[in-house]
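Chain naming here is simple, since letters A, B, ... match the order of the sequence lines and numbering starts at 1 in each.
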Amino acid sequence: MTLETILETAMGAAVATPALAFLALGVLWLLDRAPGERATARIVTSALAVSLASSVVVAVEFARRGGVALPVDLGEWFHVSGYRFELTTLLDGLTVTMMLLVSFITLLTGHFSVRYLHRERGFFRFFALLSVFTSAMMLLVTAGSFDLLFAGWELVGLTSILLVGFFHERAGPTRAAVRVMVTYRLCDVGLLLGAAMLHHHTHTSLFAELRTSPAVLHLGPFYSSLVGMSFLLAAAGKSALFPMGGWLPRAMEGPTASSALFYASLSVHAGVYLLLRAEPLIEHAPLARLAMVGVGVVTAVHATMVARTQTDAKSRLAYAAMTQVGVMVIEVAFGFTRLATLHLATHALLRGYQMILAPSSLHTALARQTMYGTDPLPGYDPVGDRLSPATERVWYRLAVDRFHLDVVFDQWVARMFLRVGHLLDGFELVSVRAVARSLGGSAVDTTPPSPPTPPEPPTHAPQEAR
Amino acid sequence: MIPVSVHPSAAHGAADSREEHLAHCLHHLGHLLPDQGPIDVFVHHNTLHAFQHLPFHDAVVAASEQFGTEPYLPESRFRAFYAEGRITEADLRAALAASPRADVALLGGLDEDTLDLLLLRHEITTEHPARWRWLVDERAALRRLRPDVPAAVRAGFLDRSTRALDALARDAADLAAVTAKLGGGFDPSASVTDLASLRRAIVREPEAMAVGALWAACANTAVDRAKPPRRHPGFYRDLLKELTAEDPAELAHPVIIRYTAAYLDMGVADWHMPDRHLGLFRAWRALALAPFAPEPPWLDGLDAFLRERDTPTRVILDLLDLLRVPRDAWASFLTRVALELPGWAGMIHRLERRPGDRAPGAPPASLLDFLAMRFTYDYFAWSDVARRRLRFDGPLATLPAHVDALPLHPHDAAARVDAPWRLFQIAQLAGLTALDVAALSPEARAAILAREDGFHHVARRRVWLEAYERRYRQRVLRGIADNLKRPLKARTVADADLTTQYVVCFDDREEAFRRHLEDSDPGAETFGNAGFFGVPMDYRGLDDTKDAPLCPVVVTPTNRVEERPVDREVSVADERRARRRTLARALHRLDESSRALVRGALLTPAFGLLTAVPWALKTFAPRLEATLREGSAAAAIPTPHTELKVLRRDDEPVAPGAKPVGFTVAEAVLRVGNSFENIGLVTRFAPLVVVLGHGGISVNNPHRSAYDCGACGGAHGGPNARAIALLANDPAVREGLRARGVNIPDGTWVIGGEHNTTTDGITFWDLDRVPDSHRAHLAHARKILDAARALSAHERCRKFESAPRNPTPARALRHVEGRAADPSQARPELGHVTVASGIVGRRALTRGLFLDRRSFVISYDPAVDPEGRVLERILQAAGPVGAGINLEYFFSCTDNDRFGAGTKLPHNPVGLFGVMDGSFSDLRTGLPRQMIEIHEAMRLLLVVEATPARLLEIAGRQAEVRELVVNGWVQLVSLDPETGAMQRFTADGFVPWTPDDEPATPTTPAWRQWYAGTMDFVPPAVKADAGASR
């Protein structure tokens, strides 16, 4: 068996095994034989373990191969009037790093969740979504083109939304999930637009060709920037960059394990990963790089200010994650891809660990205060110490209100789209009525025939008393 | 535009009394708020303390009306218990007899008891017309009997009905006559056209005919109750939510919670709210009026509003005037506003009343400030929703009148299918046929329906609860009675055999531990004392920075005790302090840096990869990780030998304003003497007396303190055990005790330790002080303790679903140690779950009785207590503590969403004092769901070995005990010390108890056999004595 075959099989196993676990769970559930907690946990954690083992194999064999990138053509997806959409995966250093990271963290979180979600009503649902997420994330990081990446991207978004709304018997988590969904969908337009533009202008969206294809090299700064900024929009949604970041603290409504997995470790870095993949293109796009630096700086600065005012453990970690993601975007904008990758992987591990232990923060902090003694623990606030009280008040207000990003988003973005939607609804009603009138002449009765009337429920006094 | 100025004339005139009245309202509503303080010290208390002056059943109903909580468990749960045999029919009958009954006599058809039992066992519903049609069409409700009609009743019904209908058809003239006889609505089916086809139909489809005929008979029943017209809710938030489906709280709560949390924060945020020292209102107002800070559209006009009003009283009074709330409705209105976020309001109120719960110098808490802020945001939110959704621009006060004119939704306005349908259901369940019902007069029908109406669901659940408690009570009292029939020799230890005496906390978790101790060593005696062992003290451990009171919350210590390093190791202690300080600072810096911008960007790539190691260890090998961590900490930070200075000379100076350190000999004699007298340990002492406090440990658990000792104020009780051991070994104290009648012989040594209820680990202190003569005794005791703790762990493991099936005791012990160290374990130990009884008396009453860790077992010897003062001391301390624990679990179990903290999974620690769900929510109070999942909600059954007269005397002097017993929060049973006869306290005073006519308490040779194989309820059992006759 050649090295390439081993690599391809291992990669396929790493991506597909959790999906197979999901299929198994799904089929059993549809047959009304949903397995109990122990069986579900065993199925999913073994799939995650296989995924990790395969990723390790990939890493080892990739190193043996000398670290040379390996694009794998899986064939044609579909073609439209002579244009082929390919399915390719790409195995390079970034892929290997991400595969190891994703499979390691999901295995740890999955194992943690087995006990953490014990006897919880949504146990089965959680583990089903976890398997889908793992496969989707693996697909996202092994994809060789923006098209396949988009598939993984969407699935990751779907599982995120469903896990934010995990406790769907309460209104808060459901509303938070809707907010996340609206942000994701809006920003995914960027990914679609960018991929479409790439196809249109360069006839390829393969990562491997971003450095080599002459069409790409001759794209010119304007179109490169356009594509780059579309991808930046997509990344802004997933990675909670300014101004799309209002959803991140509200997404902490799910169980601690899922908050750790998604919003501390993996899903929140997907945007950075996208930008890393688009980096060869953005190299030639000064406008996009400028925008990225701007967005990164504003994200990092505003997030660090807000993080300092947060009084609950999970929001504080969410904003800390946002801060570092902003820094990562700046790193990619300047072309420091290796640094950005390292930063991403280490940050995912650190923040996921901190988030999993968020419930400990109360007693840990109190213990530390006691260990330090009777004085309060020393703070470090070089900027704040220099502000006048009046200035401090203004900035504090802004920071504790999180710069009203979610309000701005609601008012100017979400409501606008909702209004457009309402308009379209109204238009649809008018046009349907017009069509119906033109077809049927008189008013068409669209009510279904009523069933045979059963005996009337006696709600009034009988006519004759006995 | 929101009007911001109030008509001046309203403000003058009665201004003083308005402010006073407002203060009075606030004082009143404060009582209704949850009384839980910062959760690092969790104290169990009666969740409905505000209603404790009412009888129990009235209190839960009052609370239900005030808070919207459930008064009892849902009927479905009780019916499930009935199906399992946890409640029997005898219990239901007894409970019915004892509860207030609907005062409606039945005039025929069936008798009152049958109807009441039927209503308890089965659900009688009224239906919305749409659903009724669905039931008729899809479930053939008018042609089939209900599935829950008992088989015997069903058979009898069909039999009698078929014969009666057939006879009717045979004797009638024509079909119309049959129909008329049945009340006029009988509509058999299309195929029935004459009497012959009717008779064939009766044979072919007996059930359809019988049930159809029954319906015809019932349908001719007058509607018995006029429903009051449905009105819109009165409070603005509910009204707007109903009318617009948008909840104004969604606008207001995030910002209220953010500001309150930022104000109260005890050390989470790095950037504190400016001007906190001025109070919440002034700090908030300063922020709200800060320039250049934009407001969301719904807060348009807030700065103008606040600019004119600079005190919270002014704000609240003006808002009340704007909303035109009449003065006598202020209290209920403000209560309603405050109860929108009961957790936060309760925390503010608690911190206002007890500033000692926080660090000195913390910003002042004021419920008035909070309410002013809250009310302002609510007002703006309501106005905004009304304006946007209802296009209502007028003054908000006119909104209720405006909407009263709006019609109700047709769905809500439809009248429900009521009286005939209810009668129909009752008749089916009682087995009444169509002709039986047709024979009932309208008065008789009305009587049945009125009685059903009167026995509404709250009354029914009350009866169920009483029945549920009765079953358990019968079992436990029977168990005690049967245990008393065993020979005294089997329940006590002879003088010659006495090896060791163990004094532990009376905690229900220790009940199993004591049984296993007694089994492992037949010469061992165990005693249950309050966990602070009668030595209340402000304790400061070696590593603590402030004193913590180790005693029940109702007791205030008068002495301080510090843990100090021994003289030769003072430098070690200093080194320890310095290293801990350095470590704390380093960890804090690391933590803070990991969240910062520049330091984080530098730190994360450099060291972030290392995080993989502790994360993987904590996930896959938590015990190993804990061992490594503790081992490295022990290696890096030296631990000196310590001592407690518990005794002081009478003339030692006391710092002014501070409490004296240690006890004088006289004080020590008093406390130790009382403590030993309480448990009846006065003359007979073993060579070794082991005193064990207790505490629990867990990781990743904000509610960690809920597993600790309630009698020690929610802390670990080890220091109390250590203190009393030191005091009891002191010669001067012993001399004083001898004068008091507590004769500790010279050959007795007392040693103090702590039992960890999570890991079942045991640690001892001051081992170096143990004299050589007692080392063998100590070694023997430690062997026994090792055996007992493994057996105790084994017994606990039966209730853990994730524990191995049928483990060995050693394996079980390893499992529980793993649970304590595992960050993913949401149920590290069982806590007080299933606690249901308390027994105050000699151990001889309960030695050899299996109570499944559900009972507080408090030692008390009536022989040393001729006047009842000892018992009074015990009940004064143990009563409220035990009742508090039981009632906290009771209410958190009954309604976990409102009284309890919900599931732990989304819990988010906030401000270092509480938890919220997710990114913002009310502060969750009470116990999380994981802690009460297997709890059985019943009131504490207190069995006291004293005569009724003695108990009444004590109740006369102790107000809180009296309140708990007389109002029915605790069930009280008196056990006569001489005769063993038991009497139960009821509304009619003490009533003799007799066992039900059922088999005696089962015997078992070994506890393991008795509880093996099931995770569920295990009834009491008595130890089978080898060869002894019963």
Side-chain angles (χ1 to χ4, degrees), chain A residues 108 111-112 115-116 118 167 172 249-250 252-253 255-256 300 304 307-315 320 323-324 327 342-343 346-347 349-350 353 357 359-363 365-366 368-374 377 379 384 389 392-394 396-398 400 404 407 454 457-459 461-462, chain B residues 40 129 132-133 136-137 219-220 222-223 258 261-262 265 267-271 274 286-287 290 292-294 296 415 417 420 545 580-581 584-585 587-588 594-595 597 600-601 604-605 608-609 611-612 615-616 619 699-700 702 704 802 823-826 905-912 918-919:
Chain A
L108 285 182
H111 189 90
F112 183 92
R115 261 182 301 249
Y116 195 59
H118 176 53
F167 297 107
R250 299 222 190 184
M252 299 300 156
E253 298 283 350
T256 313
T304 195
R308 293 177 69 86
T309 65
Q310 294 306 298
T311 49
D312 58 282
K314 291 185 183 175
S315 300
T323 315
Q324 295 303 309
V327 173
L342 177 66
H343 197 169
T346 51
H347 182 249
L349 286 169
L350 175 68
Y353 179 65
L357 294 180
S360 313
S361 63
L362 196 148
H363 287 285
L366 289 173
R368 254 179 226 161
Q369 279 183 356
T370 308
M371 273 171 82
Y372 188 70
T374 44
L377 281 161
E392 192 193 350
R393 228 172 272 139
V394 172
Y396 183 83
R397 244 297 283 288
L398 284 171
V400 87
H404 297 295
V407 174
T459 53
Chain B
D40 57 314
W132 189 85
R133 282 208 185 85
V136 167
D137 288 345
N220 199 13
V223 176
R258 253 205 304 264
D265 179 40
V268 176
D270 302 315
W271 189 358
L287 281 178
F292 307 124
V417 179
T545 52
R580 278 167 58 94
R581 190 180 162 97
R585 188 173 46 228
L587 289 173
H588 176 74
S594 74
R595 293 192 306 267
L597 174 49
T604 316
L609 206 54
T611 327
W615 194 356
T619 308
V699 294
N700 222 19
R704 181 170 85 180
S802 54
S824 67
Q825 183 58 260
L905 266 45
H907 278 180
N908 187 1
V910 60
L912 299 185
S919 58

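- Side-chain atoms of B:Arg581 never come within 3.5 Å of backbone atoms of A:Gly373 as a donor-acceptor pair (strictly under, hydrogens ignored).
- No other option in A:Thr374, A:Leu366, A:Leu357 has as many heavy-atom pairs under 4.5 Å with chain B as A:Leu357.
- In terms of heavy-atom pairs under 4.5 Å with chain A, the best-connected choice from B:Val268, B:Val699, B:Asp40 is B:Val268.
- Between chain A and the residues B:Arg595, B:Arg585, B:Arg580, the most heavy-atom pairs under 4.5 angstrom are made by B:Arg595.
- Ranked by heavy-atom pairs under 4.5 Å with chain A, the list B:Asp265, B:Asn700, B:Leu912 is led by B:Asn700.
- Considering only heavy atoms from C-beta on, B:Leu609 comes within 4.5 Å of A:Leu349 through its side chain.
- Of the atoms belonging to A:Glu392, heavy atoms from both backbone and side chain fall under 4.5 Å from chain B.
- In this structure a side-chain-to-backbone donor-acceptor pair under 3.5 Å is missing from B:Thr545 to A:Thr370.
- For A:Leu108, the parts sitting under 4.5 Å from any heavy atom of chain B are the backbone and the side chain alike.
- Chosen from B:Ala269, B:Ala826, B:Ser802, the residue pairing most often with chain A at heavy-atom distances under 4.5 Å is B:Ala269.
- The side chain to side chain donor-acceptor pair (under 3.5 Å) test applied to A:Arg115 returns B:Asp822, B:Ser824, not counting sequence neighbours.
- Only the side chain of A:Thr304 comes within contact range of chain B, with heavy atoms under 4.5 Å apart.
- Using the six-membered ring where Trp is involved, B:Trp615 and A:Tyr353 have ring planes that are tilted, between 30° and 60° apart.
- One distance of note links NE2 of A:His347 with OG1 of B:Thr611; it measures 10.0 Å at 0.5 Å rounding.
- Chain B forms more heavy-atom pairs under 4.5 Å with one residue of A:Val407, A:Leu398, A:Val394 than with any other, namely A:Val394.
- With respect to chain B, the highest number of heavy-atom pairs below 4.5 Å among A:Gln310, A:Arg397, A:His343, A:Gln369 belongs to A:Arg397.
- In terms of heavy-atom pairs under 4.5 angstrom with chain B, the leader among A:His363, A:Glu253, A:Arg250 is A:His363.
- For A:Val327, the part lying under 4.5 angstrom from a heavy atom of chain B is the side chain only.
- Considering all non-hydrogen atoms of both residues, A:Pro249 and B:Ser919 come closest at O-CB, 3.0 Å.
- With a threshold of 4.5 angstrom between heavy atoms, A:His404 approaches chain B through side-chain atoms but not through N, CA, C or O.
- Heavy-atom pairs under 4.5 Å with chain A peak, among B:Pro605, B:Ala290, B:Ala584, at B:Pro605.
- Remark: the backbone N or O of B:Asn908 is not paired with any side-chain donor or acceptor of A:Asp312 at under 3.5 angstrom.
- The shortest heavy-atom contact between B:His907 and A:Thr256 is O-OG1, 4.5 Å.
- For chain B, the option among A:Ala307, A:Ala320, A:Pro389 with the highest count of heavy-atom pairs below 4.5 Å is A:Ala320.
- Of the atoms belonging to B:His588, heavy atoms from both backbone and side chain fall under 4.5 Å from chain A.
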